[in-house]
Amino acid sequence: MRGGISTFSIDVYVQEIEGVWYGVAIRQGEVYATTFSFEMEDAIQRIKRSLPKRLKPIVWRTTDLQAYTELFHALHRIFNGENPEFQFKLNMDHLTSYQKRVLLCLMEVPKGYVTTYGSLAKVAGGSARAVGNVMARNPFPLVVPCHRVVPHDLTVGNFGHGREVKRELLAREDEGFTRPAYKEIEGRKLALFPVKFIKGIKQPH
DNA sequence: AATAACCGGCGGG
DNA sequence: CCCGCCGGTTATT
C-alpha cells in the first residue's frame with residue numbers, strides 16, 4: 001500500500017437495552033468509542049463519526065449476551081443515573097493531547113455534581129470555548145461525562161443528544177448534595193456544583 | 001503551509 | 001441585550 005500507514009479494521013457493536021441503543025467500538029480489547037441513541041442507525045453513525053479515518057468500522061448487531069454484555073450494561077446503568085464500575089480500557093491514541101487532558105480532568109467530576117466549561121478550562125488549559133469544542137467531539141459520552149459540564153450561569157447548556165436528554169441524565173444523577181465543592185487537580189481547583197443548582201432540573205419529591 | 005471559519009463560552013457594559 | 005474576545009479544530013485555498 002505505497003508505504004502509507006495501513007488501515008485497520010475495528011469492530012463496532014450495537015445493542016438495544018430497554019429502548020436505548022448503545023454502541024461501542026472495540027479493537028484488541030480496548031474501547032475506542034462509545035455512544036447511545038434512541039435509533040440504531042443514529043448510534044452507528046455517531047460511533048463512525050468518532051473514529052479516526054484510518055480505522056475501518058465493521059458493524060455487528062449483537063443480540064447474544066456474550067462478550068460485551070458487561071460493557072453495554074455499564075453504559076445502560078450510567079444512562080439510568082447509576083455509577084457502575086467501568087473497568088474497560090479507553091483508547092485515546094487518536095485524540096490530540098489537549099483533548100486527552102480535558103477528558104481526563106472531566107473524568108474527575110463525580111456523579112451528583114457538575115462543573116463549568118470555564119472551570120474545566122482553568123484546570124485543563126485553553127478557554128471555555130475550546131473546552132466546548134472538546135465536549136462536542138467526546139468519543140465516550142456517558143463514560144466521560146460531558147453531560148456534567150454546563151455554562152457558568154448554571155443553565156443546562158447544550159448537548160449533542162439534545163438538552164432535554166442532558167437534563168434527564170443530570171436529574172437521575174442527583175445525590176442530594178446541597179453545597180458547592182471542588183476537586184484539586186494538579187494544584188488547581190475544579191469547581192463542582194450539586195446538580196440541584198442547575199436551573200430547570202426537576203426536583204424528585 | 002497558511003488562513004479563515006466555526007463553535008456545546010465568558011465577561012463587561 | 002449586545003459585543004468583543006476566546007483558542008482548538010476543521011475546512012478551504
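Basis for what follows: all heavy atoms, side chains included, without hydrogens, waters or symmetry-related copies. Letters A, B, ... mirror the listed sequences (proteins, then strands); counts begin at 1.
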Under a plain distance cut-off of 3.5 Å, with no hydrogens placed, do H94(A) and Y32(A) share a side-chain donor-acceptor pair? no

Nearest heavy atom decides the nucleotide; on that basis, is H152(A) or H147(A) closer to the 5' end of DNA chain B? H147(A)

Using a 4.0 Å heavy-atom cut-off, does R137(A) contact any base of the nucleic acid, only the sugar-phosphate backbone, or nothing at all? sugar-phosphate

Tell me whether the rings of H76(A) and H73(A) are parallel (<30°), tilted (30 to 60°) or perpendicular (>60°). perpendicular

Strand contacts (DNA chain C) in residues 93-124 of chain A, 4.0 angstrom heavy-atom criterion: T96(A), Y98(A), Q99(A)

Are more than 12 heavy atoms, taken from residues, nucleotides or ligands other than R188(A), located less than 6.0 Å from that residue's CZ atom? no

Using a 4.5 Å cut-off on heavy atoms from C-beta on, say whether the side chain of L90(A) contacts that of M107(A). yes

For DNA chain C, consecutive-pair runs of 3 or more (Watson-Crick or G-U wobble, both H-bond-type distances under 3.5 Å) give B:1-7 with C:7-13, B:9-13 with C:1-5

Considering only nitrogen or oxygen atoms on both sides, find all protein atoms under 3.5 Å from nucleotides 11-13 of chain C and state each distance.
none

Do the side chains of Y182(A) and V131(A) join up, straight or via other hydrophobic residues, at under 4.5 Å, putting them in one cluster? no

Using the side-chain hydrogen bond (donor to acceptor under 3.5 Å, both in side chains) criterion, which residues pair with E173(A)? Sequence neighbours excluded. H147(A), R148(A)

Quick one: side-chain hydrogen bond (donor to acceptor under 3.5 Å, both in side chains) partners of E184(A), sequence neighbours excluded? none

Which nucleotide span of DNA chain B, 5' end to 3' end, has atoms closer than 4.0 Å to non-hydrogen atoms of chain A? dC7(B) to dG11(B)

Can you tell if the side chain of R167(A) reaches within under 4.5 Å of the side chain of I198(A), non-hydrogen atoms only? no

Find out whether I26(A) and L71(A) are in side-chain contact, i.e. whether some heavy atom of one side chain is under 4.5 Å from a heavy atom of the other. yes

Quick check on Q87(A): does its CD atom have over 12 non-hydrogen neighbours (other residues, nucleotides or ligands) under 6.0 Å away? yes

I want to check a possible cation-pi pair here: R172(A) against F79(A), using under 6.0 Å from ring centre and within 45° of the ring axis as the test. yes

Around K199(A), counting heavy atoms of other residues, nucleotides and ligands shown, do more than 12 lie under 6.0 Å from its NZ? yes

Does a sphere of radius 6.0 Å around NZ in K122(A) hold more than 12 heavy atoms from other residues, nucleotides or ligands, not counting ones at 6.0 Å or beyond? no

